[in-house]
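Comments concern the structure below.
Read the numbers this way: they start at 1 and go in the same order the structure lists the ligands and their atoms.
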Amino acid sequence: MSVTELQHPLIEHKLSILRDKKTGTKEFRELIREISTVLCYEAMKDAKLESVEIETPIQKMKTHRLNEDNYAFVPILRAGLGMLEGIVSVIPNAKIGHIGMYRDEETYEPVNYFFKVPKGIEKKEVIILDPMLATGGSAIDAIELLKSKGVKKMKFLCIIAAKEGIKKVSEKYPDVQIYCGHIDEKLNANKYIVPGLGDAGDRIFGTK
Ligand code: PRP
Ligand code: URA
């Protein structure tokens, strides 16, 4: 399976606070931001750098830089917005797109209500952001929408991924690498991740 799970004691520590129902909005947001930054570092491990010549206070040197214009980050609204701050803290010039989607409460199928991506997206590597990969329906629809715009290279970053969602996405799009903080076992009858962290959007925005 094309999935990378962050396996680090500090991530496990942070996730234990994030998952805790006693954790409030402020801390929840901070943790989502922090873990997203680590996911971003992991997902950018294969980034191609460009050669540049600079001058340190000591001497000239040849070194390498990232062309941030080659990347676009696309949060799936609402919850994906919570991950954005952690991303732009390390890639401040990243171009940002938005995909609005919610899961229908009865069918659990995603409903798309907004789509706006940067010009020239088809030439960029696109990194999709959504804290929760549950059934995989929202991720698949987001990937399809981006493919229909000509995007060729995509990655998917999430905080928690359920095995079922990973299987569904990677069977359909084996070329889309998934990066997650943790892989959780299953979904409950309401298609929530178990043990999960509850409703990510509601916890980020304090709506319930
Ligand atoms: C959540 C989550 C994902 C989706 C995952 O969004 O942020 O987008 O569900 O579920 P899936 O893998 O089964 O499609 P939600 O529909 O709750 O919308 P919100 O972000 O506006 O709260
Ligand atoms: N969306 C969430 O916010 N949480 C889940 O567990 C599943 C979907």
Side-chain angles (χ1 to χ4, degrees), residues 1-3 5 14-25 27-33 35-36 39-40 73-87 96-117 126-147 154-174 176-208:
M1 273 195 217
S2 44
V3 58
E5 182 185 33
K14 305 270 176 194
L15 282 172
S16 81
I17 304 170
L18 190 75
R19 289 177 188 274
D20 192 330
K21 69 177 185 185
K22 294 199 291 301
T23 299
T25 307
E27 199 175 5
F28 192 88
R29 282 186 193 143
E30 287 166 358
L31 289 163
I32 292 275
R33 187 190 61 213
I35 299 168
S36 302
L39 283 168
C40 184
F73 291 84
V74 178
I76 301 180
L77 311 182
R78 289 175 304 164
L81 281 179
M83 298 177 72
L84 200 52
E85 207 183 313
I87 304 293
I96 315 291
H98 294 87
I99 298 180
M101 237 174 235
Y102 68 88
R103 286 199 318 181
D104 181 277
E105 283 180 9
E106 272 156 29
T107 64
Y108 308 109
E109 290 295 323
V111 180
N112 176 227
Y113 59 87
F114 188 76
F115 185 84
K116 179 92 181 162
V117 290
V126 174
I127 299 167
I128 305 168
L129 312 172
D130 193 329
M132 308 306 274
L133 177 64
T135 65
S138 305
I140 285 176
D141 280 10
I143 294 166
E144 269 166 14
L145 284 166
L146 290 161
K147 274 201 187 277
M154 278 179 256
K155 290 175 177 167
F156 189 90
L157 268 54
C158 58
I159 306 287
I160 297 184
K163 283 185 176 165
E164 184 178 320
I166 295 172
K167 186 166 180 285
K168 201 162 148 191
V169 175
S170 45
E171 275 175 8
K172 188 144 195 199
Y173 296 114
V176 177
Q177 180 76 20
I178 299 166
Y179 296 82
C180 66
H182 197 270
I183 300 173
D184 275 16
E185 272 313 305
K186 56 183 184 185
L187 303 176
N188 67 14
N190 296 322
K191 307 288 182 198
Y192 272 81
I193 300 176
V194 179
L197 49 72
D199 189 304
D202 283 339
R203 294 194 69 184
I204 291 168
F205 296 107
T207 37
K208 261 191 193 149

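- Closest to atom 16 (O) of ligand 1 by heavy atom, among Arg103, Lys191, Lys168, is Arg103.
- Side chain of Asp202 to backbone of Ile204: no donor-acceptor contact under 3.5 angstrom is found.
- The distance from ligand 1 to the heavy atoms of Tyr102 drops below 4.0 Å at these ligand atoms: 16 (O).
- The atoms of ligand 2 that sit less than 4.0 Å from any heavy atom of Ala134 are 7 (C), 8 (C).
- Within the 4.0 Å heavy-atom shell around ligand 1 one finds Met132.
- A salt bridge links Lys167 with Glu171; the closest basic N to acidic carboxylate O contact falls under 4.0 Å.
- Ion pairing of Arg103 with Asp199 is absent here, as no side-chain N (NZ or NE/NH1/NH2) approaches a carboxylate O to less than 4.0 Å.
- Remark: ligand 2 atoms within the under-4.0 Å shell around heavy atoms of Lys191 are 7 (C).
- Among Gly201, Ala79, Gly198, Gly196, the residue whose heavy atom lies closest to atom 2 (C) of ligand 2 is Gly198.
- Listed by atom number, the atoms of ligand 1 under 4.0 Å from Gly201 heavy atoms are 22 (O).
- Atoms of ligand 1 found under 4.0 Å from any heavy atom of Ala79 (numbered from 1 in listed order, with element): 7 (O), 20 (O).
- Side-chain atoms of Arg78 and Thr207 form a donor-acceptor pair, as typed in the model, at a separation below 3.5 Å.
- Each of the following atoms of ligand 1 lies closer than 4.0 Å to a heavy atom of Arg78: 19 (P), 20 (O), 21 (O), 22 (O).
- A salt bridge does not link Glu85 with Arg29: none of the charged nitrogens is closer than 4.0 Å to a carboxylate oxygen.
- Residue-level proximity to ligand 2 for Ala200 is carried by backbone and side chain together, each with a heavy atom below 4.0 angstrom.
- Side chains of Glu5 and Tyr179: no donor on one and acceptor on the other come within 3.5 Å.
- At a 4.0 Å heavy-atom cut-off, ligand 1 touches Thr135 through backbone and side chain alike.
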